[in-house]
Number of protein chains: 2
Amino acid sequence: MSNDNSKRRLTTNARTLVESSYNRIRSDIIGGKLAPGSKLRIDELRGDYKIGASPLREALNRLAGEGFVTVEEQRGFSVAPVSPDDLRDLSSMRVMLECEALRESIRNGGDEWEANLVAAHHRLQKAEQSFGKDLAEWEQRNDEFHEALLAACPSSWLLRLRHVLYEQHKRYRFIAILSQQAGRDVHREHREILEATLARDVKAACKATELHIQYTMESSIRVFAELEKDTPIAV
Amino acid sequence: MSNDNSKRRLTTNARTLVESSYNRIRSDIIGGKLAPGSKLRIDELRGDYKIGASPLREALNRLAGEGFVTVEEQRGFSVAPVSPDDLRDLSSMRVMLECEALRESIRNGGDEWEANLVAAHHRLQKAEQSFGKDLAEWEQRNDEFHEALLAACPSSWLLRLRHVLYEQHKRYRFIAILSQQAGRDVHREHREILEATLARDVKAACKATELHIQYTMESSIRVFAELEKDTPIAV
DNA sequence: CTGTGTAAAAATATCGATAATATAAAAAAA
DNA sequence: TTTTTTTATATTATCGATATTTTTACACAG
């Protein structure tokens, strides 16, 4: 066994080739390296990611289930398109599901949940201070904070559907982060959600969440409109 | 070419082997032929459905994306478990999403939508009269009626998520149909939804939908409790 | 009774052959 | 000359057989 690093763990914490290619393609779609609407030719990807066709196809099928990729019978796979309309749709759905989950989480959360939530917020705060330094780190902490908020929600279907939308939304948030997010204080938005939640004030917490999602959407749509003038992203 | 019926269209309207095995496994899961929680060994399925491993794995990955099948790294696939708790969860999520979709549909629906809705209800009514005769036919018409109700909803994500839950719910409805549905008049429930919808009475339509889903749930849970006494379905 | 090693079973990945589809080029008709 | 239709070629997806890796079960020694 000489080349064990090519065989085991192609990317961090992925045990199988399906898993690792799934992760890579997914983050390439989220990060915009694979353009929305573009065809995903098996042979090309085979070359790019250096794996066989079967695990690739499995990964693509999995991504299709989550809406990152579209499948057409005998026409192959392509990257799901993005559009301002889709973003608006996604955002309003997120408001509905995140608020409902937060409501349930506040109702059911105990001391343990509160403690974890405060801890997650603290870690996010730390990462926010070194914002420019490590974007991936901040992303991770942001995800964890928002998950901690909803951790006490007992409905696994609600959490599951929310997760799908949240992940989809990342494609757009990636665009928003590129913009200057004019006059926006994400840090403060997070703190407001946290405080309302700890105060068990469902109404205020939901309102703060709604605004948080809305601001992100508006920020993205602005950039989107700019981008689309030059190169139409959605096909 | 002698055996073209083995190559093309193994089951009705499926163009590829992936599609056809996907359909068959899915309906076997919904119909309960593949027991909840049981392992889906590739080799066994290969024998049962007479196809190769690659298309099978692709079909299973697709089913995993929709929650019919669970995947564990290097441990293979298994049928997603069912439980009364899962049914309750599923039902309350359905109430939320179906009502929201119905609200939007009522707001946006025009004459065309109304006409199609009335037509779908009529077809369902016809199928209901010959209830015992063709259950698959009734199922189809029922799906179509509920889809027609929401057809004018402009949010494709809402419809998509609703669809996932609706399909999941079929596993439980299959159980409910087996029971006598004591004292239930599904026909009347449908008519009430239709009438409130045509009257553009959002509140009444949502209430009727909520009751419709709730009754189905209660009906299933009763049978469920009976079944579980003898053989624990959920593992 | 616990831990380690080995054998069997099962899942995963790759490869090569086959079938389907799209693209292009060429010919015929308008 | 342009447009349409047909045919041939090239590209691409699909599929099953085989090889590799991993897990699990079981036996045996400590």
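By convention in this document, chain letters (A, B, ...) are assigned in the order of the sequence lines, proteins followed by strands, and residues within each chain are numbered from 1.
Side-chain atoms of Thr16(A) lie closest to dT12(C) of the nucleotides dT12(C), dT14(C), dT12(D). Taking only side-chain atoms of Phe77(B), from C-beta outward, the nucleotide of dA13(C), dT12(C), dC15(D) with the closest atom is dT12(C). Between dA11(C), dG16(D), dT24(D), one nucleotide has an atom nearer to the side chain of Arg57(B) than all others, and that is dA11(C).
Between the side chain of Asn116(A) and the main chain of Ala148(A), no donor-acceptor pair closer than 3.5 Å is present. At distances below 3.5 Å, at least one donor-acceptor pair connects side-chain atoms of Ser220(B) with backbone N or O atoms of Tyr172(B).
When only modelled atom types and interatomic distance are considered, Asp28(A) and Tyr49(A) share a side-chain donor-acceptor pair under 3.5 Å.
With rounding to whole Å, Leu17(A) atom CG is found 11 Å from dT21(D) atom C1'. What separates CD of Glu73(B) from C1' of dA10(C) is a distance of 15 Å, to the nearest Å. Protein atom CD1 of Ile42(A) is 18 Å distant from nucleotide atom P of dA20(C), rounded to whole Å. We find that CG of Leu60(B) is positioned 13 Å from C1' of dT12(C), with the value rounded to whole Å. With rounding to whole Å, Arg62(A) atom CZ is found 9 Å from dT12(C) atom P. Arg75(B) places its CZ atom 14 Å from the C1' atom of dA9(C), with the value rounded to the nearest Å. Following rounding to the nearest Å, Glu72(B) (CD) and dT22(D) (C1') show an atom-to-atom distance of 14 Å. When the P atom of dA17(D) is taken as reference, atom CG of Asp43(B) falls 11 Å away, rounded to whole Å.
Residues Leu40(A) and Leu56(A) are not in side-chain contact: their nearest non-hydrogen atoms beyond the backbone lie 4.5 Å or more apart. Inter-residue side-chain proximity for Tyr166(A) and Asp143(A) is flagged as met; some heavy-atom pair is nearer than 4.5 Å.
Counting any heavy atom pair closer than 4.0 Å across all strands shown, Pro55(A) reaches a base atom. At a threshold of 4.0 angstrom between heavy atoms, the contacts of Lys39(B) are confined to the sugar-phosphate backbone, with no base atom among them.
Map Arg46(B) and Glu58(B) each onto its nearest nucleotide of DNA chain D; the residue landing nearer the 5' end is Glu58(B). Residues Ser54(B) and Arg41(B) both approach DNA chain C. Their nearest nucleotides, taken by heavy-atom distance, put Arg41(B) toward the 5′ side.
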